[in-house]
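What follows is a single structure, written as structure tokens, with notes after it.
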Amino acid sequence: MRISRGLCHDPTPGSRRALCLSNSGHRTLVAVDQNRDRGGMNRSASVPRAAAIGVATFIAGLIVGYPILARSAVRTWGSRADECLRAMPGDDLITDPDVITTRAVTIAAAPETIWPWLVQFGPDRGGIYSYDWIDRLLGVPVHSSMSLLPQFAHISVGDLLSITPGGPKMRVAVVEPARALVFESEDGNWVWSFVLSPIGDSTRLVSRNRITVPSNSIPSRLLYCYLLEPGSLVMEAKMLRGIRDRAEHTVLPAGAEPSPRATEPIVAGISGRTTAGSDGVLPADGHCGGST
């Protein structure tokens, strides 16, 4: 019987030689290239290494690229350049912040219609108007109301609100009905300002955070930069849209009078209005984005 193909058999596992049967029927020992098996093993071992390199490259790209390409957009979501540069009530409460964010949304409603939703803002009041399920996961017992609640229709300078569990309370620092509402944390590290600016039949709602990072350590700054800032955008953008959606569908009760617009602010414990120049614009080192 003629053998059409040479057949080989490795008599000893791990041997560098194999017993082969040639086409002529003769048996002979020939060298075997073991790199074929090693190549398969090497390819299997290279997969985790390639994955690790890919992850490391992604992280490095994030660390380098986020401050250059995305951080400004994260801090100024929805806002215009003039809104970022404009002085707002509460700016002088923290004159040299580490972090500034200025975010905004356009609402098809008058300031007087939006104001009641700001007045009842708070986790233990009318809600935060953001992702309640995320807040509850973080330990904030919040339920954002879809209607105006009469028991929270008033707010005064000096009132205290709890925003985060275990964190410092927020004191109401500025009340300008239908124009501005400012909160300041008791530890003085956070100022949160809301301003309503009418534009024709609509209103711009601008939200500004001025934050001092308590620790100057590198881990603390990295935490703020790469985790808290993007996270705050997710929650605050949802909050601004939540206020917009509620205000645009608000029907004031019959006979109710909208809140009057204030011409002079009601301010507690503030000396001097803002750190802006005479034109009301912040100096260059006070632009959106802060010094971090």
Side-chain angles (χ1 to χ4, degrees), residues 65-91 94 97-123 126-132 134-135 142 144 146 163 170 174 176 178-183 190-211 224-250 261 274 276 280-282 284 286-292:
Y66 171 71
I68 299 174
L69 302 176
R71 197 178 191 192
S72 177
V74 167
R75 289 179 164 188
T76 61
W77 178 89
S79 63
R80 303 189 306 244
D82 63 305
E83 292 169 333
C84 286
L85 295 174
R86 185 182 304 149
M88 288 177 53
D91 282 354
I94 297 180
D98 296 306
V99 177
I100 304 176
T101 66
T102 302
R103 295 158 180 158
V105 68
T106 299
I107 303 176
E112 294 83 0
T113 302
I114 304 167
W115 178 252
W117 294 102
L118 292 178
V119 168
Q120 73 173 30
F121 176 82
I128 303 180
Y129 316 126
S130 188
Y131 295 104
D132 286 356
I134 295 180
D135 284 316
V142 62
S144 296
M146 294 300 296
I163 301 295
M170 300 294 285
V174 178
E176 301 180 29
R179 182 175 179 268
L181 181 62
V182 179
F183 301 99
W190 179 19
V191 172
W192 196 357
S193 304
F194 296 93
V195 167
L196 297 170
S197 301
I199 303 178
D201 295 333
S202 299
T203 302
R204 291 287 288 172
L205 170 58
V206 181
S207 168
R208 177 172 293 171
N209 289 272
R210 297 172 71 86
I211 299 170
Y224 267 83
C225 178
Y226 293 102
L227 181 61
L228 297 185
E229 282 184 11
S232 72
L233 170 60
V234 172
M235 300 302 289
E236 190 170 4
K238 172 64 173 176
M239 178 202 72
L240 292 172
R241 292 194 299 265
I243 296 174
R244 177 198 64 193
D245 296 343
R246 287 166 171 81
E248 290 181 348
H249 293 87
T250 297
R261 296 187 193 178
T274 64
V281 177
L282 291 172
H287 68 286
C288 291
S291 56
T292 299

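Quick note: residue numbers are just sequence positions, from 1.
Only one option out of Asp245, Ile243, Leu240 pairs with Val105 in a side chain to side chain contact (heavy atoms under 4.5 Å, CB included); it is Leu240.
Applying the 6.0 Å contact sphere to CG of Asp82 captures more than 12 heavy atoms from other residues, nucleotides or ligands.
Summarising the geometry, atom NZ belonging to Lys238 is positioned 9.0 Å from atom CG belonging to Asp132; distances are rounded to the nearest 0.5 Å. Here the CZ-OG1 distance, from Arg244 to Thr106, works out to 9.0 Å after rounding to the nearest 0.5 Å. A distance of 11.5 Å separates OG of Ser207 from CD of Glu83, quoted to the nearest 0.5 Å. The CE atom of Met239 lies 11.0 Å from the CG atom of Asp135; values are rounded to the nearest 0.5 Å. In this structure, the separation between CZ on Arg208 and OG1 on Thr102 is 3.5 Å, given to the nearest 0.5 Å. Rounding to the nearest 0.5 angstrom, the gap separating the CZ atom in Arg179 from the CG atom in Leu118 is 13.5 Å.
Between Ser193 and Val182, some side-chain heavy-atom pair lies under the 4.5 Å cut-off.
Judged purely by atom type and a 3.5 angstrom limit, Arg241 has no side-chain atom pairing as donor or acceptor with the backbone of Tyr129. Put simply, the side chain of Ser144 gets close to the backbone of Ile128: a donor and an acceptor are under 3.5 Å apart. Looking at Ser130, its side chain does come within 3.5 Å of a backbone N or O of Met235 through a donor-acceptor pair.
Listed here is the closest heavy atom pair of Ala87 and Asp91: CA-OD2, 3.4 Å. The two residues Trp115 and Ala180 make their nearest non-hydrogen contact at CH2-O, 3.3 Å. Residues Pro89 and Glu176 share a closest heavy-atom pair of CG-OE2, 3.6 Å. Residues Ala178 and Pro111 approach most closely at O-CB, 3.4 Å, considering heavy atoms. In terms of heavy atoms, Ala247 sits closest to Thr113 at O-CG2, 3.6 Å. Closest approach of Arg204 to Ser79, counting heavy atoms only: NH2-CA, 3.8 Å.
The ring-ring contact (aromatic ring centres under 6.0 Å, His included) test applied to Phe194 returns Phe121, Trp192, not counting sequence neighbours.
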### Message
As a quick check of understanding, evaluate side chain to side chain contact (heavy atoms under 4.5 Å, CB included) for Leu181 and Val119, giving each step before the final call.
### Response
CA-CA 8 Å; Leu181 181 62; Val119 168; 5.5 Å; no

### Query
Does the pair Leu233 and Arg103 meet the rule for a side chain to side chain contact (heavy atoms under 4.5 Å, CB included), with working shown?
CA-CA 9 Å; Leu233 170 60; Arg103 295 158 180 158; 3.8 Å; yes

### Message
Walk me through whether Arg86 and Val195 qualify under side chain to side chain contact (heavy atoms under 4.5 Å, CB included).
### Response
CA-CA 11 Å; Arg86 185 182 304 149; Val195 167; over 6 Å; no

